[in-house]
Protein chains: 2
Amino acid sequence: MSTSPITGTRLFRSLAPEKRDKVFRAAVREFASKGYRNASMNSVVKVARISKGSLFQYFRTKRDLFDGVVEMAVIEVKNYLKQVREDTNNMSFFDRLSRLIRAGFEFIDNHPLLARIYFHLIQSGETPFGVERMLQLHKLSDEFMADLIRDAIGRGEIRSDLDVERVAFLVNSLMETLLRAYYTEFMASGLGLYRGDGAELDRWIETFLELVSRGMEVPRDAEKFRACT
Amino acid sequence: MSTSPITGTRLFRSLAPEKRDKVFRAAVREFASKGYRNASMNSVVKVARISKGSLFQYFRTKRDLFDGVVEMAVIEVKNYLKQVREDTNNMSFFDRLSRLIRAGFEFIDNHPLLARIYFHLIQSGETPFGVERMLQLHKLSDEFMADLIRDAIGRGEIRSDLDVERVAFLVNSLMETLLRAYYTEFMASGLGLYRGDGAELDRWIETFLELVSRGMEVPRDAEKFRACT
DNA sequence: CCGGTCAATGACCACTCGGTCATCCTAATC
DNA sequence: GATTAGGATGACCGAGTGGTCATTGACCGG
């Protein structure tokens with residue numbers, strides 16, 4: 001969760017875990033609050049209370065350090081998705097969706113900095129990554145949603161005439177907006193979503209599910225009803 | 001559209017329109033491609049082929065220049081919203097929504113740089129603006145959508161039990177995602193949305209409307225159907 | 001032809017950035 | 001105690017930043 005022995009130079013990986021964590025945490029904090037370009041190695045050094053030379057012996061470049069942090073964040077997100085999938089395997093689609101969002105809120109509560117890095121990464125084009133890597137990241141969550149939808153179609157819970165990939169993209173982006181607005185002050189704080197309490201979040205989830213399940217249109221079952229009489 | 005005599009120092013406003021445009025365009029280009037913090041006054045100077053001293057006589061600070069550019073972008077967006085509202089005044093809600101998105105695509109085609117600045121502004125927290133100003137910007141489009149929805153409810157076109165503000169926020173964010181993915185390579189280029197042609201875009205709009213109008217759930221009129229037989 | 005006005009100019013300032021490297025320090029080995 | 005190996009250190013580098021200001025020169029009324 002906090003230590004990641006995969007990244008950095010041999011020297012960094014052979015460091016005492018406590019020191020390794022100190023450095024890594026400082027890096028996470030810095031990138032989370034400033035993004036990639038505006039993050040400063042000098043700041044990391046200051047916060048971690050090590051010398052600049054040491055940091056560059058642990059990570060050859062700023063880019064390397066960022067890669068390490070991102071890798072860790074992505075692993076964390078993957079685990080969270082996997083966990084939700086397992087926990088909700090036998091639920092109905094919309095219950096699953098509900099749990100997915102709720103777990104998202106919890107993830108943000110538990111790893112606010114990692115969440116910030118992850119969302120910053122997939123939303124702002126200012127990352128140093130190539131297009132390929134970015135597409136791959138988006139596919140991670142989009143494909144997850146698509147799988148959930150396909151499952152539900154297989155079980156006859158939702159309409160089978162849906163364009164799965166497209167709908168998955170839309171529903172997923174809707175969910176991501178919800179999560180982002182939960183920790184972003186200027187998006188929907190007037191609507192009680194920003195750092196909302198449990199009850200407030202429940203109302204949002206309900207509205208969200210209502211929208212994607214039944215839609216906004218006035219139910220038109222009157223026609224079929226008429227047809228059978 | 002291109003000239004905005006509102007911003008900058010008296011000197012700037014009294015410049016020959018052609019020169020004023022040259023400077024302003026260079027600034028728009030710079031901010032659009034690099035965001036606020038990473039934009040460089042030196043770059044603007046180079047592109048506009050004026051001296052650095054001059055630029056700082058036209059705009060006292062980088063921040064002032066950015067404010068001017070943003071103000072212009074926001075005005076442009078407001079006009080576009082107003083235009084759509086007028087053009088679609090007598091249409092049904094979902095037709096209006098369709099037109100709104102289509103107009104959004106066109107706006108991006110016609111003002112790619114302004115669109116970039118606008119979306120960059122409302123999505124990335126790295127702007128120099130205060131929270132108040134950001135909230136205000138979000139409310140601009142959210143309130144627009146809320147009005148459309150209230151209209152439609154008044155006409156009985158969509159369900160009256162909707163939580164208007166919340167639904168407006170969700171639908172609006174969905175639309176914004178669609179627009180953003182249209183010019184952002186790494187979001188959904190695998191799904192044909194990125195710079196998609198007319199037919200491709202039509203399919204996306206259709207999927208979008210299907211989702212928000214009828215939802216994903218299997219129509220449950222079967223019960224009523226059974227009840228009447 | 002003069003004096004005055006004012007926009008244009010780019011050298012310059014203090015600062016920050018990512019990154020380097022000669023030097024120092026410590027701890028183990030002989 | 002002497003030698004050595006290797007991690008820690010921070011002064012230093014070149015580049016780039018936003019911003020300033022003394023100087024220049026074009027223009028204009030008298």
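This one's a predicted model, so the numbers in the text were calculated from it and none came from an experiment. Heavy atoms only: backbone and side chains are in, while hydrogens, waters and symmetry mates are out. The chains referred to below are lettered A, B, ... by the order of the sequence lines, with proteins before strands, and numbering in each begins at 1.
Panel note: side chain A:His120, backbone A:Ala32; no donor-acceptor pair is recorded below 3.5 Å. A side-chain donor-acceptor contact under 3.5 Å links B:Thr177 to the backbone of B:Ser173. A distance-only check finds a donor-acceptor pair linking the side chain of A:Ser40 to the backbone of A:Asn42 [under 3.5 Å].
Between the CD atom of B:Gln57 and the C1' atom of C:dA7 there is a distance of 6 Å, rounded to whole Å. Between A:Arg63 atom CZ and C:dC17 atom C1' the separation is 18 Å, expressed in whole Å. Rounded to an integer number of Å, the gap from B:Lys62 NZ to C:dT16 P is 15 Å. Distance, B:Ile50 CD1 to C:dT9 P: 8 Å, rounded to whole Å. We find that CZ of A:Phe66 is positioned 13 Å from P of C:dG18, with the value rounded to whole Å. Taking atom CG of residue B:Leu55 and atom P of nucleotide C:dA11, one finds them 17 Å apart after rounding to whole Å. As rounded to whole Å, 15 Å separates atom P of C:dC17 from atom CG of A:Leu65. For the pair B:Arg10 CZ and C:dT5 P, the computed distance is 17 Å after rounding to whole Å.
Below the 3.5 angstrom threshold, one finds a donor paired with an acceptor across the side chain of A:Lys52 and the base of C:dG19.
Along DNA chain C, the nucleotide nearest to B:Arg49 and the one nearest to A:Arg60 differ in position, and the one closer to the 5' end is contacted by B:Arg49.
With C:dG19, C:dT9, C:dA11 as the candidates, the nucleotide lying closest to the side chain of A:Thr61 is C:dG19.
Applying the side-chain contact (heavy atoms from CB on, under 4.5 Å) test to A:Ala26 and every residue at least two apart in sequence or in another chain returns A:Val44, A:Val47, A:Ala48. Scanning for side-chain hydrogen bond (donor to acceptor under 3.5 Å, both in side chains) contacts around B:Asp163 gives A:Arg203, B:Arg166, with sequence neighbours left out. Every residue two or more places apart in sequence or in another chain was checked for a salt bridge (Lys or Arg N to Asp or Glu O under 4.0 Å) with A:Lys22, and none qualifies.
Side-chain N/O atoms of A:Ser33 and A:Arg29 include no donor and acceptor closer than 3.5 Å. Residues A:Tyr80 and A:Asn110 have side chains that never bring a donor and an acceptor to within less than 3.5 angstrom of each other. In summary, the side chains of B:Arg13 and B:Thr9 do not present any donor paired with an acceptor at a separation below 3.5 Å, with no hydrogens or angles considered.
End-to-end axis angle of the helix from C:dC1-D:dG30 to C:dC30-D:dG1, from C1' rotation axes over five pairs per end: 30° (rounded to 10 degrees).
Minimum heavy-atom separation, A:Met41 to A:Lys62: CE-CA, 3.6 Å. Closest approach of B:Thr88 to B:Val84, counting heavy atoms only: OG1-O, 2.8 Å.
Taking a 4.0 Å limit (strictly below) on heavy-atom distances, residues 32-40 of chain B reaches DNA chain D at B:Ala39, B:Ser40.
When DNA chain D is scanned 5' to 3' for any atom under 4.0 Å from a heavy atom of chain A, the first and last hits are D:dG7 to D:dG10.
The ring of A:Phe66 has its center closer than 6.0 angstrom to the ring center of A:Phe31.
Within the structure, a side-chain polar atom (N or O) of B:Tyr58 is placed less than 4.0 Å from OP1 or OP2 of C:dA8.
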